[in-house]
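I have placed the structure first, in the form of structure tokens, so that the comments after it can refer back to it.
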Amino acid sequence: MTAPDASTSDNPSPELDDALRRAAQTPTLVIACDYDGTLAPFVDDPTRAVPAPGAIAALERLAGLPRTTVALLSGRNRAALAQVSGAGAPVVLVGSHGSEWEGGFDTPLDDDEVARLARVTADLEEVASRTPGAHVELKPTAAVLHVRPVSDPAQRETAMAEAMAGPAALDGVFVTEGKNVVEIAVREASKGAAIERLVKQTGAEVAVFIGDDVTDERGFARLRDQDIGVKVGDGQTLAGHRVADIPAVVGLLEQLARLRA
Ligand SMILES: [Mg+2]
């Protein structure tokens, strides 16, 4: 699926314009925005990726409107996202691709998830106990087996294989396998799951999601028919709309704030 031609910062496409008008009139609205490459230009030093002029002001203006929830949804950890963006309440900051939440959106694990995480952790610790140098890192919703410090490559491989065949194969877990590391989560962390959670907790009839990168496709993929996906820049996308660049995103947010005010 290909989004229509990119609109410029002054001039959204007629389709996008219609979509924004529809979003502005919906009783309860969620606006979720990626950060890097969507609101802030890429720079060599990621700690200096400041927002484009007007970006945070537009988000805060929207977030201050009734029944309007605005979230920044980033792969950065939440603390780094807060620092670099300068954004804070009423804008909701969601870090680490949707695994770090705050405020009223931070819901604790339920009994099943707690039990599953205990099982995963125990299984991984058993693997680690047989593998000198391996260790298990605990996160709020996941356990992570690290085998990088294991000196024997065969032992490293065996430990990874045991983790994949054991706890990673359980029902209801979400597995991210990297080089010498496997993370097993009991709650899905993705931009798609994060948008669904925002929609569920607010009851929003319409969600707007804006992003520029491959990871944002997991967000666009989960949007409902009535939701509005906006891809920033070139590249294949599942989003229904496209804008050319970051200034166009700021223009879009300002327009949406004007229409909804
Ligand atoms: Mg991005």
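One-based numbering along the sequence shown. Counting convention: from 1, in listed order, for ligands and their atoms alike. Bear in mind the structure is a predicted one, so any value in this text is a computation, not a measurement.
- Summary: O is the N/O/S atom of Asp36 found nearest to the Mg ion (ligand 1).
- A salt bridge links Asp45 to Arg48: at least one charged side-chain nitrogen sits closer than 4.0 Å to a carboxylate oxygen.
- Side-chain N/O atoms of Asp212 and Thr38 include a donor and acceptor closer than 3.5 Å.
- Side chain to side chain, Thr237 and Glu217 meet the donor-acceptor criterion of an N or O pair below 3.5 Å.
- The N, O or S atom of Asp212 lying closest to the Mg ion (ligand 1) is OD1.
- Ring pair His146/His135 is parallel by interplanar angle, where below 30° counts as parallel and above 60° as perpendicular.
- Looking at Asp34 and the Mg ion (ligand 1) together, the shortest N, O or S contact belongs to OD2.
- The Mg ion (ligand 1) has no N, O or S atom of Asp213 inside 2.8 Å of it.
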